[in-house]
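Residue numbers start at 1 and run along the sequence shown. What you see is a predicted model; the values in this text were computed from it and never measured.
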Amino acid sequence: RHADMVEDHIDDDRHAAPCVAMQACAGEVSDSANINPRDITPVTSRSKGDGYLVEVASGYRHYTCTVDEDGDIRGMRNGSI
């Protein structure tokens, strides 16, 4: 299950964002870039205002999402944080 895979990567110091924010970003990237969710890995996250910046990767491609505290995607772009 994709959610379980994401949770496996969030129990370290690289992530400020809650699991729901990382799952939302991985889902948005999967849908937008037509990438299998199993091929998306959380890289890092940090707090930003009232939400989070979340970086995920699939192979050599990196994507950054702006996610609010409720896990709603406010923006997504190619590239690292």
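The distance from the CD atom of Gln23 to the CD1 atom of Ile40 is 12.0 Å, given to the nearest 0.5 Å. Atoms CD and OH, on Glu28 and Tyr63 in that order, are 12.0 Å from each other to the nearest 0.5 Å. In this structure, the separation between CG on Asp31 and CE on Met76 is 9.5 Å, given to the nearest 0.5 Å. Rounding to the nearest 0.5 angstrom, the gap separating the OG atom in Ser58 from the CD1 atom in Ile35 is 4.0 Å. Put simply, CG on Asp72 and SG on Cys65 are 12.5 Å apart, with the number rounded to the nearest 0.5 Å.
For the pair Asn78/His62, no side-chain contact is recorded, criterion being any heavy-atom separation below 4.5 Å from C-beta on.
Counting non-hydrogen atoms of neighbouring residues, nucleotides and ligands closer than 6.0 angstrom, the CG atom of Asn36 exceeds 12 such neighbours.
Closest non-hydrogen pair, Ala16 versus Ser47, comes out as CB-N, 3.9 Å. Shortest non-hydrogen contact noted between Val67 and Ala24 is CG1-CB, 4.5 Å.
For the residue pair Glu55 / Ser80, a side-chain donor-acceptor distance below 3.5 Å is found, with atom types taken as modelled.
A donor-acceptor pair is defined here as one N or O able to donate and one able to accept, closer than 3.5 Å; such a pair exists between the side chain of Ser45 and the backbone of Ala17. Without hydrogens or angle criteria, Ser30 side chain to Ala26 main chain gives no donor-acceptor distance under 3.5 Å. With Asp68 contributing its side chain and Asp70 its backbone, the two residues share a donor-acceptor pair below 3.5 Å.
For the side chain to side chain contact (heavy atoms under 4.5 Å, CB included) with Val29, the qualifying choice from Val56, Ile73, Thr64 is Val56, the only one to do so.
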